[in-house]
There are 2 protein chains.
Amino acid sequence: MTKLSGGARTKDEATSVNRREQILEAAVVVFAEHGYFKATTAQVAEKVGISQPYIFKLFKNKEELFVAALDRAFDRTIRTFTEVKASGEELLRESIRVYEQMMETHPSEIILQVQALGIRDEAIRRSMQTGMHRVTSLMESKFTAAGIAHPEVEVSTFMANGMLCHIAMALEMPNLKPKHLE
Amino acid sequence: MTKLSGGARTKDEATSVNRREQILEAAVVVFAEHGYFKATTAQVAEKVGISQPYIFKLFKNKEELFVAALDRAFDRTIRTFTEVKASGEELLRESIRVYEQMMETHPSEIILQVQALGIRDEAIRRSMQTGMHRVTSLMESKFTAAGIAHPEVEVSTFMANGMLCHIAMALEMPNLKPKHLE
DNA sequence: TTAGGTAGTGATTAATCAATAACAAATAAC
DNA sequence: GTTATTTGTTATTGATTAATCACTACCTAA
């Protein structure tokens, strides 16, 4: 086997870095399906194909695992919106488009964000706060750079409709989705 | 003591109807503070001044208690918006006003609604669905009766901003509140 | 060849809590 | 004044599950 440093090994090899990723991927799905408290670390482990205790070698506790999964979801959100290259008028339309795309490709991460809204846990709330702040700030700078008239108001409306969309999905109420999207 | 039927006795008397109300009032606060899963029936009981098992004489289980508390929160929301007597232009402004008032007078019920968004439990989700539907339908009929141009779109925007407001409160992020409110 | 690191497991536990059962006291009814 | 009903309590348990501990197998570098 070739000598390799760090995490740059082949994909199916079990480095702890790979395991972390696998666990996170499973955790997002399990947490989204059952909710933070009902989901068990055993379910996550089973999905990955490892033993339940091993999760605690890579994550300090269940809370930290959830926070890491949540951060992952926000990372994707940020990345998705960052990649939007559109100017002026089209920025809003294009942002909505990629958002809707993300709802289809990564529904569990959306559900996770909705769940985190209601969890009263300190660490999770902080993670949620910074996540929301990151998205808001990003959109504000993009809207401003695009020369949109009242960026603050537009971003606020964008976030409001985005959250209503999230909620419609989490509650399985398609009729609740923002109306002017069509 | 006068013989009375139903729940129309003096307030400090311990009829099961009164107890139900007391328990619900306490439950709203306890659930809002700790979240559905972390909150214990013992905490609710302590706040009322009764024993923990007695709660199960009046509510089948914890889930039913939460659902009853949630329904109560939506009942108030509905009542609040129903009482708005304003026509045309002013309906929206007045609706926002009473909503903001409710956020100050009954914050726990708002928090409860946000929490319920993320709970994956069947019964709770159904209750949340009908709650959201009731509010949406009510506002739609009011907006329509007031002769507002595109009632569906206006209601959707109203709901979106309302939910963002809820979220801003639950996350303690005042900056997240809809911008055009000021 | 041995010393050390990485990846992983099985067994267990300590704590928590919803829910039940069995009992008691007060109130109302006849 | 005795019976029935409502209102409540104490004691207890059954189930769940995050987290720890002690241990093994394997690889690799000197």
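Chain letters run A, B, ... following the sequence lines, proteins first and then strands; every chain starts at 1.
Looking at A:R126 and A:Q129, their side chains never bring a donor and an acceptor atom within 3.5 Å of each other.
The CG-P distance, from A:N61 to D:dT20, rounds to 8 Å in whole Å. If you measure from atom CD1 of B:I55 to atom P of D:dT10, you get 14 Å, rounded to the nearest angstrom. The CZ-P distance, from B:R19 to D:dT6, rounds to 17 Å in whole Å. Distance OH (A:Y36) to P (D:dT17): 14 Å, rounded to an integer number of Å. Look at CD1 on B:I23: it is 14 Å from P on C:dA18, rounded to the nearest Å. Rounded to whole Å, atom C1' of D:dG8 lies 10 Å from atom CG of B:L58. Remark: C1' of D:dA18 and CD of A:E63 are 13 Å apart, rounded to the nearest angstrom. The CD atom of A:Q22 sits 8 Å away from the P atom of C:dG8 (whole-angstrom rounding).
Distances were taken from every side-chain heavy atom of B:Y54 (C-beta onward) to each of D:dT20, D:dG8, D:dA11; the shortest belongs to D:dG8. In the set D:dT9, D:dA18, C:dA18, the nucleotide with an atom closest to the side chain of A:T40 is D:dA18.
With rounding to the nearest 0.5 Å, the separation of CG in B:L58 from CZ in B:R19 is 9.0 Å.
Among the heavy atoms of the strands lying under 4.0 Å from A:A39 are primed sugar atoms or P, OP1, OP2 only; no base atom is included. Among the heavy atoms of the strands lying under 4.0 Å from B:T41 are primed sugar atoms or P, OP1, OP2 only; no base atom is included.
Aromatic ring centroids of A:F158 and A:F81 lie under 6.0 Å apart. Ring to ring, A:F74 and A:H133 are not that close: their centroids are 6.0 angstrom or more apart.
Place A:K57 and A:Q52 on DNA chain D by their nearest nucleotides, and A:Q52 ends up nearer the 5' end.
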